[in-house]
Colleague: 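I have a structure I would like to understand better, so I am pasting it below and will then ask my questions one at a time.
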Amino acid sequence: MAGALNALALDSLNAHQREAVTLTEGPLLVLAGAGSGKTRVVTTRIAYLILARRVPPGEVLAMTFTNKAAREMGGRVASMVKGGRERPSIGTFHSFGVRFLRRHIELLGYGPDFSIYDEHDQLQVVREVLGEMDAQTWYTDKSALYALQRAKSGGLGPQELLQLQDSPSDVLLGAVYREYQRILREMNAVDFEDLLQLPMRVCRDHPEAAGRYFERFRYVLVDEYQDTNKTQHDLLRHVTAPHGNVCAVGDDDQSIYAWRGADPGNILNFEEDFPGTRVIRLERNYRSTDTILSAANQLIAHNPERKGKTLHGIRGPGKPLEWIEGDDERDELEKVVTHLKLNKLRAGTSLSSVAILYRSNFQSRGIEEVLREEAIPYLLVGGTRFYDRREIKDAVAYLRLVHNPNDEVSLNRVINFPGRGIGRTTRARLLEIARRESQPCMAVMRRARGYREFTGPAAQSLESLAALLDRYRARFEREPLGEAFRALLSELGIHRAVEKEKSDPKAKETAVALVHELEQATDLYARRHPQARLKAYLERIALYTMPEEPDGRGGQPMVRLMTVHSAKGLEFPHVYVIGMAEDVFPHRRSLEEGGEAEERRLAYVAITRAEKQLVFSMGKERRRLREVIPQRPSRFVLEIDPALFDGVPPVAGDAAAYRPIQEQKKAAARSRFFDQLRKLQAGG
DNA sequence: CTATGCGCCCTTTTT
DNA sequence: GGGCGCATAG
């Protein structure tokens, strides 16, 4: 035991960190600056609870924001706490919600085989609702979903929205929202927010059941607390109410998810919500050079409303910052890659110590191109998510439908893929009959030939599809996952169908390769989780953006490419932030929505990823469609003292002439929107 | 009724 | 560069 305790290496922690590890009882808020050893504190705390305080691992619950962070945390804890069969529960809020709902969702009238809808699926539902209510004039599907999610993540139900009646748009949105929820219920589907909200509803309506589930978690930790929304906060209060042993770790300066409902107020008001909270600040930065930290501190000082925190380094000044300016995007990126190659040649930098960060996913395309030409290996992290690829979604839709026959969004995807002669009209009739008889579509399909509405071939197609799905439902019950899936795909002729969809031979090839990859990923999952049924696999797919990777990858050193959002929580000796231009970073859409402070925090996150070297770049022009847009340096690089730069620092450019034109277009669209609202109000 | 092809729109970040 | 809606042909 003494040996195990030594493994915690408490001696090597500073006084604040040690306090954060050993104050185990009661609420604790750790305000941890970037690079202050936060992850180490969290993992050591868990190990400390188990090894020193003899807390059974099953009583520890740790929630993080991303799967990546959860995996990392779990791995580190496991290496400190060896042996023992029981493990602490470590996962994302959402996976915690799924596990809870697996046991209790039936209390709310949902079936146990619920589907989990992503944004794409949600949009299909919203589109249907808007069509039904004839509300497309007021909302686009995206704007409606966006507004609805906002209300939902703020803890507002449709009824509350309808009662608010602050504006006609609230009333309309309330109606859309109510219908959206009704359809989801009918399809036995939940969205991501439901994964948090439905557990909360169980807490409210069935406190005994919820209490029984939660009572075993006697020590609760939450990482990245600044990124939690209201529901998550409420859930946390519920789980910890009996004992108050909650440790929240976060950094208000790194809050970058307000756009998706995160409420920084959660961390700012933590002390009020959890009376008796001890607060510990970790401001010593072990990661970056003083130059990098000065840049970060100078930048973030431009934000109002902070808890106020300054990072202090221990590593000395280090290298100056660098600014690379290219004639256009292509030139910018070539210069970046040249810089990278020189780095490697002169200083022997390993490619795996380098990260190239950008604001938006589409920016990866350009840099990938140049890296490929220069034969520099790279690893794209995140990006177009595997399970979002069309071909993958189509194949997965079959799995979802086999598992949950009520899942009509998935049904819609597969009903004519591969082509079986079912078009819009047949679909509309199917829906109509189902509504009329208050039955699921699948039930109508099973006896399609009994309805005069369907013409011969269509009726036959519908029945055989229903029969096929029923048959595979039984097969998935008894056969191994991989085998059943392979049989299903081959019986459907998915490979051929996917190929037929594309005309370009290259596209054909990648589409088929994707399906193969999905088959392999399924096999791999089945091998790693021999007990797992279809249900578990679908949950895995819904919650993770990437399939499991085969072992032994990544032996070769590679440059990492990712968005700043994906880079949060990571660190790299050498960091390039490309596209540091106004309207790109900060992103203009975000500015329009009043998100300057959040964009600045995002830039702060980017800067504080770097340990030794930090390089910014920009192209003087950017092409979009047929336009050429002049670029000027991002306000964020201009907020950094020029003296910190080597060579020529970024210089403020002239305000470009294109801006007013874009603004006018926006303003015109907005006034049209409000005109329509006024009309709606007048009409009752 | 369905399949196919063309033109129009926007394109932030993610569980 | 990609997805969706619409028009036309089979």
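Within every chain, numbering begins at 1; the chains are lettered A, B, ... in the order of the sequence lines, protein sequences first and strands thereafter.
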Colleague: Checking A:His302 now: which residues fulfil side chain to side chain contact (heavy atoms under 4.5 Å, CB included) with it, not counting sequence neighbours?
Modeller: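 Only A:Arg600, A:Glu639 meet the side chain to side chain contact (heavy atoms under 4.5 Å, CB included) criterion with A:His302.
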Colleague: Between A:Phe454 (CZ) and B:dC1 (P), how many Å, whole number?
Modeller: 10 Å
Colleague: Strictly by salt bridge (Lys or Arg N to Asp or Glu O under 4.0 Å), give each pair with a member in residues 249-259 of chain A just once, sequence neighbours left out.
Modeller: A:Asp251-A:Lys309, A:Asp253-A:Arg306, A:Asp253-A:Lys309
Colleague: For A:Asp141 and C:dG5, give me the distance from atom CG to atom C1', rounded to whole Å.
Modeller: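 Answer to the nearest Å: 12 Å.
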Colleague: Determine the contact category for A:Tyr257: base if any of its heavy atoms lies under 4.0 Å from a base atom, sugar-phosphate if only primed atoms, P, OP1 or OP2 are that close, otherwise nothing.
Modeller: sugar-phosphate
Colleague: Does a nitrogen or oxygen in the side chain of A:Ser360 sit under 4.0 Å from OP1 or OP2 of B:dT11?
Modeller: no
Colleague: Could you state the atom-to-atom distance from CG of A:Asp388 to P of C:dG3 in whole Å?
Modeller: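 Taking atom P of C:dG3 as the reference, CG of A:Asp388 is at 11 Å.
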Colleague: Which of parallel (below 30°), tilted (30 to 60°) and perpendicular (above 60°) describes A:Tyr225 and A:His233?
Modeller: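 Answer is tilted, since the angle falls between 30° and 60°.
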Colleague: Which of these nucleotides, C:dC4, B:dT12, B:dT14, is closest to any side-chain atom of A:Glu599?
Modeller: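 When the side chain of A:Glu599 is considered, B:dT12 is the closest of C:dC4, B:dT12, B:dT14.
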Colleague: Hey, are A:Lys68 and A:Glu72 close enough for a salt bridge, meaning a charged N less than 4.0 Å from a carboxylate O?
Modeller: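 Answer for the salt bridge query: no.
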Colleague: With sequence neighbours excluded, tell me which residues meet side chain to side chain contact (heavy atoms under 4.5 Å, CB included) with A:Arg365.
Modeller: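 Testing A:Arg365 for side chain to side chain contact (heavy atoms under 4.5 Å, CB included), a comparison that skips the adjacent residues, returns none.
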Colleague: Suppose we screen for side-chain hydrogen bond (donor to acceptor under 3.5 Å, both in side chains). Which residues come up paired with A:Ser590, at least two apart in sequence or across chains?
Modeller: A:Glu599
Colleague: Look at all strands and tell whether A:Asn416 reaches a base, only sugar-phosphate, or nothing, counting heavy atoms closer than 4.0 Å.
Modeller: sugar-phosphate
Colleague: Check the distance between C:dC4's P and A:Lys142's NZ and give it to me in whole angstrom.
Modeller: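 Between P of C:dC4 and NZ of A:Lys142: 9 Å.
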Colleague: If you check every side-chain atom of A:Arg127, which of C:dC4, B:dT15, B:dT13 has the closest atom?
Modeller: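 Closest nucleotide among those given: C:dC4.
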Colleague: Do any N or O atoms of the protein come closer than 3.5 Å to N or O atoms of nucleotides 6-10 of chain C, and which pairs are they?
Modeller:
none

Colleague: Out of C:dG1, C:dC4, B:dT12, which nucleotide sits closest to the side chain of A:Ser590?
Modeller: B:dT12
Colleague: Look at all strands and tell whether A:Ser95 reaches a base, only sugar-phosphate, or nothing, counting heavy atoms closer than 4.0 Å.
Modeller: nothing
Colleague: Give the stems involving DNA chain C, where a stem is 3 or more consecutive Watson-Crick or G-U wobble pairs (i with j, i+1 with j-1, and so on) under 3.5 Å.
Modeller: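 DNA chain C forms these stems: B:1-9 with C:2-10.
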Colleague: Taking only the side-chain heavy atoms of A:Asn67 (C-beta and beyond), determine which of C:dG1, B:dT15, B:dT14 contains the nearest atom.
Modeller: B:dT15
Colleague: Which listed nucleotide (C:dG1, B:dT12, B:dT15) is nearest to the side chain of A:Arg359?
Modeller: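 Per side-chain heavy atoms of A:Arg359, the pick is B:dT12.
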Colleague: Can a donor-acceptor pair under 3.5 Å be found between the side-chain atoms of A:Arg589 and the base atoms of B:dT12?
Modeller: no
Colleague: Send over the distance from A:Arg150 CZ to B:dT13 P, rounded to a whole Å.
Modeller: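 A:Arg150 atom CZ is separated from B:dT13 atom P by 17 Å.
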Colleague: Cation-pi check, A:Arg449 to A:Phe454: give yes when NZ or CZ is under 6.0 Å from the six-membered ring centre and within 45° of the ring axis, no otherwise.
Modeller: no
Colleague: At under 4.0 Å, does any side-chain N or O of A:Thr426 touch on OP1 or OP2 of B:dT2?
Modeller: yes
Colleague: Between A:Thr425 and B:dT2, is there a side-chain N or O to OP1/OP2 distance below 4.0 Å?
Modeller: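 So the side-chain polar atoms of A:Thr425 do come within 4.0 Å of the phosphate oxygens OP1 or OP2 of B:dT2, strictly under.
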Colleague: When you check the phosphate oxygens OP1 and OP2 of B:dT14, does a side-chain N or O of A:Thr66 lie under 4.0 Å from one of them?
Modeller: no
Colleague: Donor-acceptor pairs under 3.5 Å, side chain of residues 256-266 of chain A to any protein atom, not counting sequence neighbours: which ones?
Modeller:
| from | atom 1 | to | atom 2 | distance (Å) |
| --- | --- | --- | --- | --- |
| A:Trp259 | NE1 | A:Ile256 | O | 3.0 |
| A:Asp263 | OD1 | A:Gly265 | N | 2.8 |
| A:Asn266 | ND2 | A:Thr228 | O | 3.1 |
| A:Asn266 | ND2 | A:Thr228 | OG1 | 3.2 |
| A:Asn266 | ND2 | A:Asn229 | O | 3.2 |

Colleague: So what does A:Arg601 touch, heavy atoms closer than 4.0 Å: a base, only the sugar-phosphate, or nothing?
Modeller: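 Answer is nothing: A:Arg601 stays at 4.0 Å or more from every strand.
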Colleague: Tell me every residue that passes side chain to side chain contact (heavy atoms under 4.5 Å, CB included) with A:Glu453, counting only those two or more places apart in sequence or in another chain.
Modeller: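 Only A:Arg429, A:Ile433, A:Arg436, A:Tyr451 meet the side chain to side chain contact (heavy atoms under 4.5 Å, CB included) criterion with A:Glu453.
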Colleague: Listed by chain and number, what are the side chain to side chain contact (heavy atoms under 4.5 Å, CB included) partners of A:Ala147, not counting sequence neighbours?
Modeller: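 With neighbours one apart ignored, the set is A:Leu173.
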Colleague: Looking at every strand, decide which applies to A:Arg390 at a 4.0 Å heavy-atom threshold: base, sugar-phosphate, or nothing.
Modeller: nothing
Colleague: When you compare the ring of A:His587 with the six-membered ring of B:dT12's base, are the centres less than 5.5 Å apart and the planes under 30° from each other?
Modeller: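 It does: the ring sits over the base of B:dT12.
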Colleague: For a quick test of reading the model: is some side-chain N or O of A:Asn361 closer than 4.0 Å to OP1 or OP2 of B:dT13?
Modeller: yes
Colleague: For A:Arg427, which contact category applies under a 4.0 Å heavy-atom criterion: base, sugar-phosphate, or nothing?
Modeller: nothing
